[in-house]
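Indexing begins at 1, ligand by ligand and atom by atom, following the structure's order. These numbers come from the heavy atoms of this one structure, side chains and all, not from hydrogens, waters or symmetry mates.
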Amino acid sequence: MGLIKGEVDNLLVMGKSGAGKQPRIDVLVAEFGLEQLSTGNIFREYLGQFNAIGYEGDMGVFYDEGAGEFLPDEQLVEKLGDLITGKDKDAVLLGLKAKYFIESGKFVPDSITNALFESFFAKSGFKGMVLDGYPRTRDQSQFLVDLVASKGTKLDAIVLVDNEDEAIVARTIGRRICPNCQKVFHMEFKPPKDGKLCTECGTAVILRSDDSEEKIRSRLQEFQDKAVPALAFLKEKGVPVVKVPGNLPVFTDEAVRASVMDALEQL
Ligand SMILES: [Zn+2]
């Protein structure tokens, strides 16, 4: 049976960081005529809107530490004064709230992530998307399920990219990048020249700090603690889940496409 192009509202791609989500997202975008909606892009968009107004003061003035919440929106607008005049107020204030947490190094609460997501998702009428990086917690999943139900759209399926922790660690710590031209290498699968130099420009390649074993393991733990319950919740709410292998014997575009489409056929 499978999914029918044109009848799919939204798909979700989930999986551990480093599991290989992007090639599967590319397949879904191409096969179903959808767009990718990534949390990273949403945050960049709203932070950009806030940064564009040119506020250079202290971010702490917008937050009431005692009450543990932001000042009411009217007061935020008042504090920003002329800077926000004529701008998209909702977007700027969302950007302000996201920036406050990111800048203070605090965890961005689900309420803020949900608000950013809803605002962005609304632009497409709550459909036509491959969701990537959202929902990432059980509360976000609840919010999303309620949101699509209230807007009359749906979540058609979750594609879970399945990969063993140890395979992800091995693949990630072998990765090297050229700090000059950004070309990506892998010590085992696509080695740099003499094991250390970029084949394009000759610069010594580096291990990105995000690719350290400690960072990868902490992301894998976070997946276990938060995304696994999020996935269980969605499943319980009736969203079908199909598993696709993160590692393929032969990694070609066609092999990736076939593994994703075959899995969806089971629906
Ligand atoms: Zn280079």
With a cut-off of 3.5 Å and sequence neighbours excluded, list every side-chain donor-acceptor pair involving residues 22-31.
unit_1	atom_1	unit_2	atom_2	d
Q22	OE1	Q36	NE2	3.0
Q22	NE2	D26	OD1	2.8
Q22	NE2	Q36	OE1	3.0
R24	NH1	G20	O	2.9
R24	NH2	P245	O	2.9
R24	NH2	G246	O	3.4
E31	OE2	R257	NH1	3.2

Suppose the cut-off is 2.8 Å; which protein N/O/S atoms would you list for the Zn ion (ligand 1)? C178 SG, C181 SG, C198 SG, C201 SG
Assess whether a salt bridge exists between R217 and E166, defined as any Lys/Arg side-chain N lying under 4.0 Å from an Asp/Glu carboxylate O. yes
Return all side-chain donor-acceptor pairs below 3.5 angstrom for residues 189-196, not counting sequence neighbours, or 'none' if the list is empty.
unit_1	atom_1	unit_2	atom_2	d
K190	NZ	V184	O	3.2

If we count only N and O atoms by modelled type, under 3.5 Å, do the side chains of D9 and T153 hold a donor and an acceptor together? no
Cut-off 3.5 Å, no hydrogens considered: what does the side-chain donor-acceptor table look like for residues 71-83, sequence neighbours left out?
unit_1	atom_1	unit_2	atom_2	d
D73	OD1	K97	NZ	3.0

Do the side chain of S119 and the main chain of L116 share a donor and acceptor less than 3.5 angstrom apart? no
